[in-house]
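Below: the structure, in structure tokens.
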Amino acid sequence: MENIRVRIAPSPSGNLHIGTARTALFNYLFAKKNKGKFVLRIEDTDLERSNAEYTQNIYDSLKALGLNWDEGPDVGGEYGPYQQSERFDIYPKYVQKLIDAGFAYECFCTQEELEAEKEDAIKNKKAYIYSEKCRNLTKEQREEFIKQGRKPVVRFAVPKNREIVFHDLVKGELKFDSNLIGDFVIQKSNNTPTYNFAVVIDDMEMKISHIIRGEDHISNTAKQILIYEALGAEVPKFGHLGMILATDRSKLSKRHGATAVSDFVKQGYLSEALVNFVALLGWTPSDGEEIKSLNEIAEDFDITKISSSNSVFEYDKLNWMNGQYIKKMDIKKLTEKIKPYLEQNYDLSELTQAQLEHMVEVTREPLTVLADIVKDVPFFFGKDVDFEDKVKEDVLNTEVSQKVLKKVVEDAQTWDFNNLEDLHEKLGDIRAFFKEQGIKPKETMWAIRAAITGRTHGADISAVMNIIGKDKFIYRVKNAIIS
RNA sequence: GCUCCCAUCGUCUAGAGGCCUAGGACACAUCCCUUUCACGGAUGCGACAGGGGUUCAAAUCCCCUUGGGAGUACCA
């Protein structure tokens, strides 16, 4: 088989969109599975809307997701440059080639003329198709226009009565009637290429074998195939993916909240979870096991089996998946990831690294997003605790609780707070002791928990005691006793 | 308006004519476990958009309707 080469070609007019990330992922997976190359090309022809910050964001996001490219603006490669703005000088010669061969022509129509044609089409309830007015201009006519100072665009002369057919890797056979495609612009009046032309030239020069992209490009494909053919180039294979929709079934956009990969990361989503989740939008693992690493997915990947419909981006499953990754993640790594969120609210110097890791270990379970931890750990810091509503009245100040606390302060004097297992046992003893007096284990623990955390639920109590230490423990329990 | 794409539980999907009284995951509900929250386990709830064909047999093939999405730029 020929060399497999795929690419992701984002335009740096915003941070890397989660949809683009998914497209990048599928390209990456396809390359991995078929031992091909994955190319990154930055499409910054629209200089007005592009900027370097976004380009950096694209690099960072892709890297964070583990989608490393083999060729790209930063790493170079055989077929560079990989930044479209640096390729401006290569398009005109292809344009000229097409003009010379009769596949393209200069068009001098003004905006007003074009507007008029469009309005006319709307009035007659017809599809707007360029009139081809300039298709057969004589040399004299052209010279006259130029003398008037008109700057031409170059249009592609779309052949008549052609059926453009191609086999889409995910959608199957797709057909287009060339009579419905107007002569489209390939070079603007400022001599820069339009998108449809630039992509073809770039993909051709970069020897891209398979173009996997969003289905919003399906109708462009017909035009692009025409260009490939006119150029005598080999037409690559295409695969069009369904779009990612928001819950209201409209295109996922800023008004729905986070859309950029970096937004999700900021919120505390793990890039591993993000990749895994987004892969499941359209792709299904053959063994039914949904939690899978990038490599595992790559091995199992088959572009042909991708769902051809759009999919709704729903947080529930992402949240669940993120939680799964948080639970599985190496504790040291997780602690490092969590630190930035903690630092904003607490003085981390109060705890040693080991204590911090221990704290993360015992509080990670209910987290769906990294930032969630902040609200679960205030009692690990500072001397005093904040009490949740009604905890004092309902839990602490009861006769039973007071009895428990009084015994606990006394007994705790002799406990070894550095010995987690021992603490666990000691608490067991306390529970047993009160159980004999008809007090439920639950109540016993509630009293202690409330006294030292100010809450009725949270991490394992012996772990909390181990981390905050004996002094704080006794201090807090004493404070909770109304004598 | 025109062209194209899509259509299975609320969501992501399995399903490539009989294996389907339609399977899994998330969410939801109940129960179990338990020092709480949670995790985990179990059970339950829940769908082939509608109508026509084709066929001995259709979620699967064809047509129509409906619904959703995309494109229709000198934007990418």
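Chain A is the first sequence line, chain B the second, and so forth, proteins listed ahead of strands; every chain is numbered from 1.
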Can a side chain N or O of [X] be found less than 4.0 Å away from OP1 or OP2 on [N]?
X        : N      : result
A/Lys123 : B/rG1  : no
A/Gln84  : B/rC75 : no
A/Arg249 : B/rU11 : yes
A/Thr284 : B/rA14 : yes

Inter-nucleotide [atom1] distance ([N], [M]), Å rounded:
N      : M      : atom1 : value
B/rC12 : B/rC19 : C1'   : 25 Å
B/rG44 : B/rG23 : P     : 11 Å
B/rC63 : B/rA58 : C1'   : 15 Å
B/rC48 : B/rA7  : C1'   : 10 Å
B/rU65 : B/rC2  : P     : 12 Å
B/rC39 : B/rG71 : C1'   : 47 Å
B/rC26 : B/rU43 : P     : 13 Å
B/rC4  : B/rA42 : C1'   : 48 Å

Donor-acceptor pair, distance only, cut-off 3.5 Å: does the side chain of A/Glu86 make one with the backbone of A/Gln83? no

May I ask you to decide if A/Ser85's main-chain N or O and A/Asp44's side chain share a donor-acceptor pair within less than 3.5 Å? yes

Checking all strands, does [X] fall into the base, sugar-phosphate, or nothing category for heavy-atom contacts under 4.0 angstrom?
X        : answer
A/Val312 : sugar-phosphate
A/Lys327 : sugar-phosphate
A/His240 : nothing
A/Gln111 : base
A/Glu115 : nothing
A/Arg455 : nothing

Can you say whether the rings of A/Phe301 and A/Phe26 are parallel (under 30°), tilted (30 to 60°) or perpendicular (over 60°)? parallel

Mind checking whether A/Tyr91 and A/Phe88 have parallel, tilted or perpendicular rings, split at 30° and 60°? perpendicular

[N] pairs with, by Watson-Crick or G-U criteria that keep both distances under 3.5 Å:
N      : answer
B/rC26 : B/rG10
B/rA58 : none
B/rG46 : none
B/rC2  : B/rG71
B/rG40 : B/rC32

Given A/Tyr269 and A/Tyr325, is the ring pair (Phe, Tyr, Trp, His ring centres under 6.0 Å) satisfied, shown in steps? CA-CA 9 Å; A/Tyr269 286 99; A/Tyr325 277 90; over 10 Å; no

Write down the distance between [atom1] ([X]) and [atom2] ([N]), rounded to a whole number of angstrom.
X        : N      : atom1 : atom2 : value
A/Phe277 : B/rU13 : CZ    : C1'   : 12 Å
A/Met243 : B/rG68 : CE    : C1'   : 14 Å
A/Asp183 : B/rU72 : CG    : C1'   : 15 Å
A/Ile291 : B/rA25 : CD1   : C1'   : 10 Å
A/Asp376 : B/rA38 : CG    : P     : 11 Å
A/Glu163 : B/rU3  : CD    : P     : 14 Å
A/Asp202 : B/rA76 : CG    : P     : 12 Å
A/Tyr315 : B/rA25 : OH    : C1'   : 20 Å

I want to confirm an ordering. Mapping A/Ile306 and A/Lys126 to their closest nucleotides on RNA chain B, which one lands closer to the 5' end?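 The 5'-side residue here is A/Lys126.
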
On RNA chain B, does the nearest nucleotide to A/Glu365 precede the nearest nucleotide to A/Gly282 from the 5' side, or the other way round? Give the residue. A/Gly282

Shortest side-chain distance from [X], nucleotide among [options]:
X        : options                : result
A/Asp316 : B/rA27, B/rC12, B/rA76 : B/rA27
A/Trp320 : B/rU3, B/rA27, B/rG24  : B/rA27
A/Asn220 : B/rA73, B/rA76, B/rC74 : B/rA76
A/Leu245 : B/rG69, B/rG71, B/rC12 : B/rG69
A/Leu280 : B/rA25, B/rC74, B/rC12 : B/rC12

Which protein N or O atoms sit under 3.5 Å from an N or O of nucleotides 30-36 of chain B?
{"from": "B/rU35", "atom 1": "OP1", "to": "A/Arg431", "atom 2": "NH1", "distance (Å)": "3.4"}
{"from": "B/rU35", "atom 1": "O2", "to": "A/Arg449", "atom 2": "NH2", "distance (Å)": "3.4"}
{"from": "B/rU35", "atom 1": "N3", "to": "A/Asp460", "atom 2": "OD1", "distance (Å)": "3.3"}
{"from": "B/rU35", "atom 1": "O4", "to": "A/Asp460", "atom 2": "OD1", "distance (Å)": "2.3"}
{"from": "B/rU36", "atom 1": "O2'", "to": "A/Thr456", "atom 2": "O", "distance (Å)": "3.1"}
{"from": "B/rU36", "atom 1": "O2", "to": "A/Gly458", "atom 2": "N", "distance (Å)": "2.5"}
{"from": "B/rU36", "atom 1": "O2", "to": "A/Gly458", "atom 2": "O", "distance (Å)": "3.2"}
{"from": "B/rU36", "atom 1": "N3", "to": "A/Arg449", "atom 2": "NH2", "distance (Å)": "3.0"}
{"from": "B/rU36", "atom 1": "N3", "to": "A/Gly458", "atom 2": "O", "distance (Å)": "2.6"}

Nearest 0.5 angstrom please: [X] [atom1] to [Y] [atom2], how far?
X        : Y        : atom1 : atom2 : value
A/Arg476 : A/Thr453 : CZ    : OG1   : 8.5 Å
A/Thr247 : A/Arg249 : OG1   : CZ    : 9.5 Å
A/Met359 : A/Ile338 : CE    : CD1   : 7.5 Å
A/Thr284 : A/Lys305 : OG1   : NZ    : 10.5 Å

Pairs under 3.5 angstrom, nitrogen or oxygen only, protein versus nucleotides 4-6 of chain B, please.
{"from": "B/rC5", "atom 1": "O2'", "to": "A/Lys171", "atom 2": "NZ", "distance (Å)": "2.7"}
{"from": "B/rC5", "atom 1": "O2'", "to": "A/Glu215", "atom 2": "OE1", "distance (Å)": "3.3"}

Examine the base of B/rC12 for any acceptor or donor lying under 3.5 Å from a partner atom in the side chain of A/Ser311, and report the outcome as yes or no.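 Result: no qualifying N/O pair found.
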
Compute the centroid of each ring, for A/His358 and then for A/Phe380, and state whether the two points are separated by less than 6.0 Å.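 For A/His358 and A/Phe380, the ring centres are not under 6.0 Å apart.
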
Could you walk me through whether A/Tyr128 and A/Tyr130 pass the ring pair (Phe, Tyr, Trp, His ring centres under 6.0 Å) test, one step at a time? CA-CA 7 Å; A/Tyr128 166 67; A/Tyr130 173 63; 7.5 Å; no

So is A/Lys407 actually on top of A/Phe433's ring, under 6.0 Å and inside 45° of the axis? yes

Considering only NZ, NE, NH1 and NH2 on the basic side and carboxylate oxygens on the acidic side, decide whether A/Arg162 and A/Glu229 come within less than 4.0 Å. yes

